Amino acid sequence: MKILVAIKPVPNPDEKVKIRPDGSGIVLDNIKMVINPFCEIAVEEALRIKEKQGGEVVILTVGPKEGEQQVRTALAMGADRAIQVEAEKGLDSLAVAKFLAKVVEQEKPDLVILGKQAVDDDNNQVGQILAALLSWPQATFASKIEFLDGNKKAHVGRETDGGIETIEVPLPCVVTTDLRLNEPRYASLPGIMKAKKKELKVIPSASLGVDAAPKVKVLSLASPKERAGGRKVADVAELVAKLKNEAKVL
Amino acid sequence: MADILVVVEHQEGAFKKTTLATITAAKAYAGLAGGEVDALVLGDGAAAAAADTVAGFGVRKVLFGEGAAFAKYLAVAYAPAVAQVAREKGYGAVFAPASTFGKDFMPRLSGLLDAPLASDIVGLTRDGDKVRVQRPMYAGNAIATVELIGSPLLFTVRQTAFDPAQGSGAKSPVEKIAVSADAGGSAFVSRQETKSERPELTEARVIVSAGRGIKAQENFKLVEELADLFHAAIGASRAAVDAGWAPNDWQVGQTGKIVAPELYVALGISGAIQHLAGMKDSKVIVAINKDEEAPIFQVADYGLVADLFKAVPELIAEIKKAKSA
């Protein structure tokens, strides 16, 4: 099976972001960029499918040149080759999905896997928009993927608010990953060495004929209201007294 | 003045309260941009019940698109149907809850209509003649002000950020409409529900949540016992869910459920950024953790540095005493 995995570099999610004083964005100095955790799960799933039934795993990203580093990490995990649509930073989901759709039309994969959401913008949009643009079925928030009838269709378990829901989708389709789909591997040292020689095709975004004018513009960022937390109680008795008399929740 | 459409969430006809905060957000938008708020229910015959329910919450009218292909929710059938209604009736904005329902089909709708979508909005403001929305980014550590360009404008609404719409005491008219429904080759197969007598996490007044510190699945009994005293919902951190101690749909956090109950009790939860993103708007936060450096204490109104296996049984006894006093 030929699988295309779209990934996005994001600032390390374990570090708390700082907003620039003018609200124009976040402070990125000294912040490590990583593959978005959900995209990493997508890469892992594609590799597992390939290990089971053969095929090819192609990594795809849309964004500035620096993203090459995270693409190389995905190649080091075991993907076969990569495509980078070199584009400006800060594109909205519609624009990203339009670029992805162009490459999908060229590459004709059987399956596209993406993370359900990038943990920087928290939009949770690109996979579904891509599926719409391609007129493909979609299975979002996947916690299990099973192929049936010689890969003609798949059963996908989806993490929904009410529990796990399983749907059947014909291939080709778009799947977005949730946390419990798998645990991504680390890139091995030989993997990292091999990744340096793997093919990375760069496509200038302008060559794809996509209207990427933003329809969703982030005008400014502000800090959320800080909680006045941090008070401690000495023991259970004091806690119960405070809950009863101060917070009045008992 | 273009009108506004709210897509109603229901499960096989059972109305979901997530829709109520969405109606409030849509009305706030109407207050800023003008227009009337209508509701759209897609489903088979069973969804008539959801249409009847939403008719009691002060919308102008309820559009009911009946079709066998909507019997079980599927984004692939929903998105084109909503697109058709929005186009044919000229709606200027479409709202849906930012639940796994709205998050699934609304971006697909955005792709079909080439229309901008703001996910998970928490506020609406006016800037001159334009409406701006606020939405969290970076696990809620930044609130972005966003401008949408195009038509219709699409929004998913964070349930905790808007009060639920109140019953109007009257019923709006329900109008049956014809929409085409086609699921392509996709189909619903099954649902594995987490059965519980407890309120839903996103609707509970009190939530008792446990993390890595609970150490084993059987220790959730302790969590349940405490939760019983409040008729509380039970939540979990990612660590507890990953360990297999709690079902996936109990996870509270950036990519799980966003909650804001009156009381949130965090037991053995360290308070990673991703968890805080899902609960820090709770009214009162109690944290019990034996690590006094745990970040959860920074957001807790009442932090108790203690072994939860000692403190929780004591807490249960004290609350019983306090309640009977």
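Computed from a prediction, not measured in an experiment: that's the story for all the values here. Reckoned from all heavy atoms, side chains included, excluding hydrogens, waters and symmetry mates. A note on names: the letters A, B, ... follow the listed sequences, proteins ahead of strands, and every chain is numbered from 1.
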Atom group of [X] that falls short of 4.5 Å from chain A, counting heavy atoms:
X       : answer
L315(B) : both
A311(B) : both
A277(B) : neither
K283(B) : backbone
D104(B) : both
Q11(B)  : neither
V286(B) : side chain
Q274(B) : side chain
P136(B) : backbone
L201(B) : neither

Highest number of heavy-atom pairs under 4.5 Å with chain A: which of [options]?
options                          : value
T100(B), D281(B), V206(B)        : T100(B)
K257(B), Q254(B), K323(B)        : Q254(B)
V146(B), T255(B), I285(B)        : T255(B)
L148(B), L117(B), V76(B), T18(B) : L117(B)

Taking the side chain as every heavy atom from C-beta outward, state whether [X] and [Y] have any atom pair closer than 4.5 Å.
X       : Y       : result
L179(A) : Q251(B) : yes
I143(B) : L221(A) : no
D161(A) : T202(B) : no
F105(B) : Q128(A) : no

Toward chain B, the part of A247(A) with a non-hydrogen atom under 4.5 Å: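 When you check distances to chain B, atoms from both the backbone and side chain of A247(A) fall under 4.5 Å.
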
Which portion of K98(A) sits near chain B, non-hydrogen atoms under 4.5 angstrom: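 Only the side chain of K98(A) comes within 4.5 Å of chain B.
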
So, Q125(A) and S119(B): side-chain donor and acceptor under 3.5 Å apart, yes or no?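 Q125(A) vs S119(B): donor-acceptor pair found between side chains.
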
Closer than 3.5 angstrom, by distance alone: can the side chain of K217(A) be matched with the main-chain N or O of I149(B) as a donor-acceptor pair?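 A pair under 3.5 Å: no.
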
Between R227(A) and A300(B), is there a donor-acceptor pair closer than 3.5 Å when you use the side chain of the first and the backbone of the second?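 Here the side-chain-to-backbone pair does not exist.
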
